[in-house]
Each structure stands twice: as C-alpha cells, then as structure tokens.
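Shown next, in structure tokens, is the structure this report addresses.
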Amino acid sequence: MSEALLQVENIEVYYGLIKALKGISFTVNRGEVVSLIGANGAGKTTTLHTITGLLRPKVGKITYNGQDITKVPAHKIVTMGVVHVPEGRRVFKDLSVYDNLCLGAYTVQNKENIADNLAMVYDLFPRLEERKNQMSGTLSGGEQQMLAMGRALMSNPEMIVMDEPSMGLSPLLVNEVFKIIETVHSRNITVLLVEQNSKKALAVSDRAYVLETGNIIMEGKASDLANDERVKKAYLGA
Amino acid sequence: MSEIISTIINGLSQGGVYALIALGYTMVYGIAKMLNFAHGDIIMVGSYAAFVVVGMMSSSPFLAIFIAVVVCTALGILVERLAYRPLRGAPSLSVLITAIGVSYLLQSLAQIIFGATPVMVPMFDFKFVDIGGISIKIQSLITLAVCAVVIVLLLFVIKKTKVGRAMVAVSEDRGAAQLMGVNVNRTIAITFAIGSALAALAGIFSLFVSPVTSPTFGALPGIKAFVAAVIGGIGSIPGAAIGGIILGVVEQFALSVPFLSPYADAIVFSILIVVLLVRPTGILGKKQREKV
Ligand SMILES: Nc1ncnc2c1ncn2[C@@H]1O[C@H](COP(=O)(O)OP(=O)(O)O)[C@@H](O)[C@H]1O
Ligand SMILES: [Mg+2]
C-alpha cells in the first residue's frame, strides 16, 4: 500500500467573501506524480497557495508527512521539504541567476550541500550556468522557467508543487519542461503538478484530480482519465 | 579656490549625513513598502541618548555614540513590531497615518522627558586642519570617511550576503521570497534595525556640526533626507546615497554664497521639483513594472 505524503482534507478557501475552494480533498502519495487539471479560474493556484502556506483555509486540514501543516507559515513549509514553483515563474528579476539559486537554498545551512545542489542544477540546466551572472529579468521565458525549477531544486525538496510550468512556452520548450518533470520524479521527488496542458500532464502523471469552480469533480488514474469521454471533451480538446 | 574645495568637502560630508538617513527611508520603502515618517524622530531620540551620556552623566562621547546606536536600533525594531507589523496588509494610508502618529508620539515623549528647551550635547572638541593651504574642519573629514565606509559596507551586505539577498527578494516579491523560506517579518525587522542604526550615526554627525538638540531635532534632516531619497529614486539604495550627496553639496554651496544663504532650504527643496519634472521616478528610480 502506498504511503500518503500530502493529505488535503475538505479545505475551504476564501478571497474576502468569494469562496474559491468549496471543500476539496485529495491525497498525494510518496513517489507519485499527481496532477490537478481544470479550466482557468477553477482554483488550482489557490489550492497550491494553500498547501504552501501563502493562503490559509477557513475550514479543513492539510497534513504532510503525518504533521498538521494547516497553520504553518509559508517560510517554514520549505524547511519541511515542500517547495513551490509558482505560476508565472516569479524569479527575482533584479537578482542574478546565481543569486536566485542561492535564495532557493535559503533554508539550507550546509555549504557543501549548497555547492552540490548548485552543481546538480547547473548539470540539469547548462543554460543557467552560462548565464549565472546575468540579471534574471533579462532571461527568456523558457530560461526563467528553468531558473524557477532550478531554484526550487536547491532546497533539497522531498516534494515539489508546480503551477503551470509550461505556460507561455513554445512547443519545443513545453516538451523540455515535461522532460524535466520526469527527471525530477526519477530523483525520488514527489510531484504535484498543475497544468492547463492536460494531455501532457496526464501523460506524465500516475493519478489526477479534475477541479471545476472550487470542487473536485473527478479523480482517478491518469491513464483512465485521459481516456474518459467527459475529460476528453472538456479538457483535452478532443 | 581653497574656499570652493572646503565647501565641497563640507557639502560631501553633509551629503553623507543626508545619505545615511535617506538609506533608511529608501530601504524601508523598498522592503516594507511604507513611508516611515517617524524616521527623522529616530535621529532625535539618538541625540537625546547621546545627551544623557555626555550631557547628564558627563561620560565619554564614544560611549554616547555607542549608546545612541544601540537605543535607536532597539527603538526601530520596537516601533516596527508594535506600530507597523499589526498593519501589514492594511491600506497604505493607514500605515502612513500611523507613521505620522509615531512621529508625534516620539516628539511628545522627548518633550515630556527632557522639556522643550534645546539642550547642549557637547561631543568632541574639533579643530581645523591645514591641507595644502586649505583649512578644513576635522569633523567634516571624519563624517565623510565614516559615511563612505558605511555606505560601501551596506552595498556589500545587500549585494553579497544572504540577508541582503533576502531583502532584495522581499522588496521584489514578498510571496515568492516566502516560498524560498525567507521570513518576511524578520527581514523587515532587520531593515528597520539597520535604517535606525544609520539614523543614529546621522544624528551624532549632526551634533558634530551643531551640538544642540531639541524634540524637533530630527524634523528638518528627516524631511531633507526624504527629499534626497525621492531625488535618487525611492527604493534605490545607490539612489539614496547619490540624492543625499547632491543635496548636501548644493546646500553647502548655497550657504557659502552670502546672498543665497537665507534661501538654502528653498534651493534644496527646489532640486526635488526639477528632478521630478525631468525624471518622475528619480535619478535611479525604476519605472513601475507592468503587472500582468
Ligand atoms: N487575489 C484574489 N482575489 C480575489 N479572487 C481571486 C484572487 N485570486 C484568485 N481569485 C479567484 O479565485 C478563483 C480561483 O482562482 P485560481 O486559483 O487562480 O484559479 P486557477 O489557478 O485554476 O486558474 C477564481 O474565480 C479567481 O477569480
Ligand atoms: Mg492558476
């Protein structure tokens, strides 16, 4: 039986009076790739923000590794092993590539560990090494996405949550991003993926949840969902 | 000629003082996204701390400097914790009004404790030195040197250290900084601590020039340094340094010309108007990035 790493139980999240998540529950098991798919405005980003502490649920509970993390502030979630690659990359544009990567390792104390992680990231993204002294604001969209993912990997994550990593990228780069997701997964990092590109997301995932206006309306094995008529019609453009 | 050189040196040294204060304004603005109008009053509290040490206890001016820096640093952290942190996420107008309230509170407290009458704060007995036939006040040279070292040190901390990177990250994107593990509250507290320590030094250097303080001691340097920060581009650290130096040099030149000296303050403030007409974001200020 697989072990639940992240458990989200019946969370309700509000923006002022607007109820963005209407009581959703899902589980991510250790070692899985799970995706959360759904149309624009369904609540995917809200879900990820709530997991990593940028938002707080009004109702419900989030458990990670058996610990209740519902009220843990965002900056402490990283130290517990969950890292968030935010929507729109949000690299620090006024800082160099190198400084961004150092910030990714902000919670890592051991200097050797940081050096090893930096070497690993440069190995995975040679492009970042070439541009290490460049201001991140001058990178292309694809390079910024690489930086956002590299930055996340600097923190020794056990689980990585990614919000639309392929958004706004050329088809070639989209494939690159999905290859990296598989590489990350092959290093025993659990992945929770949010994507608009449902077809590709389902192809790399073990399981998936479909979110619609703040509710989970379907869940199952990714391969089953990919063949489901309703999913095909609504999300796969078939 | 020698008069011009000594005016330049006095101007750079006065500019260094404005720069120290402006750095506090600009760092707090960049990182905490607020205008801390009580910043000038921190200088005043530092001057009274020095007064207690040298004026009341007749102790060493060096001890006075140390105590002033410690008191201001602690006060900066305390004010942030008690007055500003509870308002994080509140509309900026509420924060601004609170800052003005803190400013009056500090001035009133000083008046209650020390009275409204100005008091003497004798620091050091400075002499003039003669460098190549030019007579220069020693305090100008000391002030200039210390300001230069402090500014370079600050730039180094911001560019090259972990806490500096965290400050830049918080100023650019608070949420993303948190996702890196940066404790935003702590980073903002550190920013207030640094800004207030710099303000204490600025207060001490002002006492070198004129050894008298009163509850409104910080008001004029505070507003001038704010102008310096805006001229340099508020939020920009090198901008604050440049703005401060421009202000100091212009002011000293205005003061050195007899028929201009009564208008020195007016001239200083008119630089602001000129700069903002030409470059609304200040000399090194960034254009507001378009938010998607
Ligand atoms: N900061 C906000 N303030 C108010 N409403 C918001 C905010 N962010 C998102 N919403 C609303 O919450 C809902 C879910 O948004 P979001 O989680 O961003 O969706 P998704 O990531 O699936 O596109 C949408 O209706 C959106 O308009
Ligand atoms: Mg989204």
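All heavy atoms count here, side chains included; hydrogens, waters and symmetry mates do not. Nothing here was measured: the structure is a model prediction, and the numbers come from that model.
In this structure, chain B has no heavy atom under 4.5 Å from any part of A:Val85. Contacts of A:Leu54 with chain B are made by side-chain atoms alone, with heavy-atom separations under 4.5 Å and no backbone atom involved. Neither the backbone nor the side chain of B:Lys160 comes within less than 4.5 Å of any heavy atom in chain A. Interface remark: A:Thr107 contributes backbone and side-chain atoms alike to the contact with chain B (heavy atom separation under 4.5 Å). Neither the backbone nor the side chain of A:Val161 has a heavy atom closer than 4.5 Å to any heavy atom of chain B.
Heavy atoms only, all atoms of each residue included: B:Ala166 and A:Tyr106 are closest at CB-CE1, 3.8 Å.
Among B:Ser171, B:Ala177, B:Ala176, the residue making the largest number of heavy-atom pairs under 4.5 Å with chain A is B:Ala176. The most heavy-atom pairs under 4.5 Å with chain B, out of A:Gly104, A:Cys102, A:Ser155, come from A:Cys102. Counting heavy-atom pairs closer than 4.5 Å to chain B, the top residue among A:Thr52, A:Asn100, A:Leu95 is A:Leu95.
For B:Phe66, the CZ atom is loosely surrounded, since the number of other residues' heavy atoms within 6.0 Å does not exceed 12. Within a 6.0 Å radius of CZ in B:Arg88, other residues, nucleotides and ligands contribute more than 12 heavy atoms. Heavy atoms of other residues, nucleotides or ligands lying less than 6.0 angstrom from OH of B:Tyr29 number 12 at most. Remark: B:Phe269 CZ is packed, more than 12 non-hydrogen atoms of other residues, nucleotides or ligands lying under 6.0 Å away. Annotation: A:Leu172, atom CG; neighbour count of heavy atoms from other residues, nucleotides and ligands within 6.0 Å does not exceed 12. The number of heavy-atom neighbours closer than 6.0 Å to OH of A:Tyr98, taken from other residues, nucleotides and ligands shown, is 12 or below. Within a 6.0 Å radius of NZ in A:Lys76, no more than 12 heavy atoms belonging to other residues, nucleotides or ligands are found.
Note that CZ of B:Arg165 and CG of A:Asp99 are 4.5 Å apart. Values are rounded to the nearest 0.5 Å.
Proximity of a side-chain donor or acceptor of B:Glu172 to a complementary backbone N or O of A:Lys93 within less than 3.5 Å is detected.
Within residues 179-203 of chain B, the residues having any heavy atom under 4.5 Å from a heavy atom of chain A are, by residue number, B:Leu179, B:Met180, B:Gly181, B:Val182, B:Asn183, B:Arg186.
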